[in-house]
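Structure first, commentary second.
Please read these numbers as outputs of a predicted model, since none were measured by experiment. Quick note on labels: first sequence line is chain A, next is B, and so on, each numbered from 1.
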Amino acid sequence: MNDERVTTDDARPAGDTSRQPKDFLRAMVERDLASGKYGGRVATRFPPEPNGYLHIGHAKAICVDFGIAEEYGGSCNLRFDDTNPTTEDPEFVDAIKGDIRWLGFDWAAERYASDYFPQLYDFAVELIERGLAYVDDLSESEIREYRGTVREPGRDSPYRERSVAENLDLFARMRAGEFEEGAKVLRGKIDMAHPNMKMRDPVLYRILKRSHYRSGDAWCVYPMYDHAHCLSDAIEDITHSMCTLEFENNRAIYDWILENTTVAEPRPEQTEFARLNLSYTVVSKRKLLELVEGGHVEGWDDPRMPTLAGMRRRGVTPSSIRRFCDDIGVAKANSVVDVAMLEHAIRDELNYNAPRVLAVLRPLKVVITNYPAGEVDWLDADYWPRDIEREGSRKIPFSRELWIEKTDFMEQPPKKFYRLGPGREVRLRYGYFIRCEEVIKNDGGEVVELRCTYDPETRGGQAPDGRKVRGTIHWVSAAHAIETEVRLYDRLFADPEPLAHDRDFKEFLNPDSLEVFAAKVEPSLAGAEPGSHFQFERHGYFFLDPVGSREGAQVWNRVVALRDSWARRS
RNA sequence: UGGGGCGUCGCCAAGUGGUAAGGCACCGGCCUUUGGAGCCGGCAUUCGUAGGUUCGAAUCCUACCGCCCCAGCCA
């Protein structure tokens, strides 16, 4: 529907964005549309609990819930599933809303399960009146015992056969605050021997004498997920209620409650899909919390975190996240997506959107011995390589003293090393050919300076005599360079599946996930806008960190490195 | 050894009885003032396994194997 949901700076030629083969969810929606099951309506919802930050796994769910509604002319509500006052906090609702908007989605309505507490309570009363729910006095541990195990049936609670009148009275008194927390719960009266554990008289309401961030002290009984979710869907006239695989067993309760309460038909239906797992990362609120609390990262928005806040801070674009979600598809098989897919989506976008500039991370001084001191030559440098049809260029200064990358020089270059070495010639990008004439070392034998000559005939990078050089390296004029901080971020974990071992996942943290450099960047970057993207040629895509940067003290985050076939083969 | 799901290339993932899409990754080659990008080519005689039905199966049947979820008054 809303094909115009624009991604501000995406200049890629409009390609075919439609997944050719439909995933099973879209196929289902199309079937329902064709059969007229919901009168042509598609209504979904994204139901986060405001107890933590959204991460890349949620992004997939958001793309499913909002994306499907959008594609089929439907609507998607944002519903905070806030039925547990002990864990929820309004701080998270704002963060969640911001993250969803950042991703480029908007909701038809903003709802809160807590706003439905009165209706939800009435539905519970209805179940009691129908003899389908009862107040149970068993303790928490007794309930567990009575539930049986996956192999053995449970036993009925001694309170299971209370009369409707007694249940009504007791439930009203629970609500009135007459009983202590844990003293009583309301349970669905289904079947204590049901093979599906979830159907063994699920708890519907518990007493929690806690004030809720929205409803305050209006309630001391709070509905459980199984009671609240399906009925909230029904209240909002949701048609397709999509959730992740771990709720498959809960679908039986979902249907049972809706079938046994007076909700409008056609009723919403739940369908499950596999949640996202990403290699080299963990996608679990609890695990991420552990990293934050253990000080392994600097916070929820640490650029190494797979949270949307972290990715935004790192410089990942929302459109590349959406593109990634499109690429991975939706299915029911548990899977671990290769993080290389995400990296590819990011590069693919930034390749078209990030102007190229020069930056030296590990500076090695080069003196051009045949270039006069004090002289400056301002060279033309295109912002875009020839294969990208965008206009724009800037001037970069060339002078006698330059910085080049330490790794672009080797005293004893191996076979296919195209860069600088004693006596070798390379091209300085947008500049001249230079030849290394002398290597200067300090007392420790470390190369600290190169003395080179340049060929004035090669200005711009071409030799009139047709001479070719294999290597082109980046550089920056020492007198003009800006000092900045460059943060190289890498995968947070060194193992593709940190959770797949018998050890603590934190043991697999990548010790090199962050490397900080005092880098020299070309002077044109002086006025760069915080939040803008550039490609530092031969390094990767960088983002001027709007949080970490200060006036005159830029902090550049590497979003993702360039593919590097040299590094791969060595 | 209960129930619910899932198993198609290293990783995702189409395919729903007519003879294995696509993407990522990888490997060649071309091109190249980013060892980037781009272009060309390669990459599952086989669909967890074993039987069976059929002219014909990844798709149907049977059995088996493997993995995930469920015993919170979390969601």
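Mapping A:Val330 and A:Tyr541 onto RNA chain B via the closest heavy atom, the residue that lands nearer the 5' end is A:Val330. Mapping A:Asp387 and A:His194 onto RNA chain B by nearest heavy atom places A:His194 at the nucleotide closer to the 5' end.
Because its glycosidic torsion is more than 90° from 0, B:G29 is reported here as anti.
The listed nucleotides are B:U32, B:C74, B:G35; the one nearest the side chain of A:Asn84 is B:C74. Closest to the side chain of A:Phe247, out of B:A71, B:A75, B:C12, is B:A75. Listed candidates were B:G4, B:U34, B:G35. Nearest to the side chain of A:Gln535 is B:U34.
What separates CG of A:Asn250 from P of B:G5 is a distance of 13 Å, to the nearest Å. Rounded to an integer number of Å, the gap from A:Asp338 CG to B:A13 P is 13 Å. The CG-P distance, from A:Asp226 to B:C70, rounds to 13 Å in whole Å. Atom pair A:Lys22:NZ and B:G15:P shows a separation of 11 Å (rounding to whole Å applied).
For B:U34, the OP1/OP2 oxygens have no side-chain nitrogen or oxygen of A:His474 closer than 4.0 Å. Between A:Arg323 and B:G23 there is no side-chain N or O to OP1 or OP2 distance below 4.0 Å. Using a 4.0 Å cut-off, some side-chain N or O of A:Arg206 falls inside it from OP1 or OP2 of B:A75. Taking 4.0 angstrom as the limit, A:Arg563 places a side-chain polar atom (N or O) nearer than this to OP1 or OP2 of B:C26. Phosphate contact (OP1/OP2 of B:G72, side-chain N/O of A:Arg147, threshold under 4.0 Å): present. For A:Ser565, a side-chain nitrogen or oxygen approaches OP1 or OP2 of B:G36 to under 4.0 Å. At least one side-chain nitrogen or oxygen of A:Arg538 sits closer than 4.0 Å to the OP1 or OP2 atom of B:G35. Contact check, A:Arg356 against B:G36: no side-chain N or O comes under 4.0 Å of OP1 or OP2. Distances shorter than 4.0 Å separate none of the side-chain N or O atoms of A:Arg419 from OP1 or OP2 on B:G35. Here A:Thr83 reaches the OP1 or OP2 of B:A75: one of its side-chain N or O atoms lies under 4.0 Å away.
With a cut-off of 3.5 Å on both Watson-Crick or G-U wobble distances, the partner of B:A13 is given as none. When both pairing distances are held under 3.5 Å, B:G2 makes a Watson-Crick or G-U pair with B:C70. Of the nucleotides present, none pairs with B:A44 by Watson-Crick or G-U wobble criteria with both distances under 3.5 Å. Summarising the base pairing, B:G7 is matched to B:C65 through a Watson-Crick or G-U wobble pair whose two defining distances lie under 3.5 Å.
Using a 4.0 Å cut-off between charged nitrogen and carboxylate oxygen, A:Asp327 and A:Arg323 count as a salt-bridge pair. Checked for salt-bridge contact, A:Arg491 and A:Glu343 meet the test: a charged N lies under 4.0 Å from a carboxylate O.
Ring geometry, A:His58 versus A:His55: the interplanar angle falls from 30° to 60°, so the pair is classed tilted. Aromatic ring pairs are classed by plane angle as parallel below 30°, tilted from 30° to 60° and perpendicular above 60°; the pair A:His229 and A:Tyr254 is tilted.
Using a 4.0 Å heavy-atom criterion, one finds that A:Glu272 contacts no nucleic acid atom at all. Residue contacts shown for A:Met224 are limited to sugar-phosphate atoms, with no base heavy atom under 4.0 Å away. Among the atoms of the strands shown, only primed sugar atoms or phosphate atoms (P, OP1, OP2) are found under 4.0 Å from some heavy atom of A:Lys332. In this structure, A:Glu49 reaches the sugar-phosphate backbone alone: every heavy-atom distance under 4.0 Å involves primed, P, OP1 or OP2 atoms, never a base. A:Thr149 comes within 4.0 angstrom of a base, heavy atoms only.
Cation-pi geometry between A:Arg470 and A:Tyr418 is satisfied (NZ or CZ under 6.0 Å from the ring centre, within 45° of the ring normal).
The aromatic ring of A:Tyr225 does not sit over the base of B:A75, since the test of centres under 5.5 Å and planes under 30° is not met.
One finds the CG atom of A:Asp377 at 10.0 Å from the CD1 atom of A:Ile396 (value rounded to the nearest 0.5 Å).
Side-chain contact annotation: A:Arg45 with A:Ser241, donor-acceptor N/O pair under 3.5 Å present.
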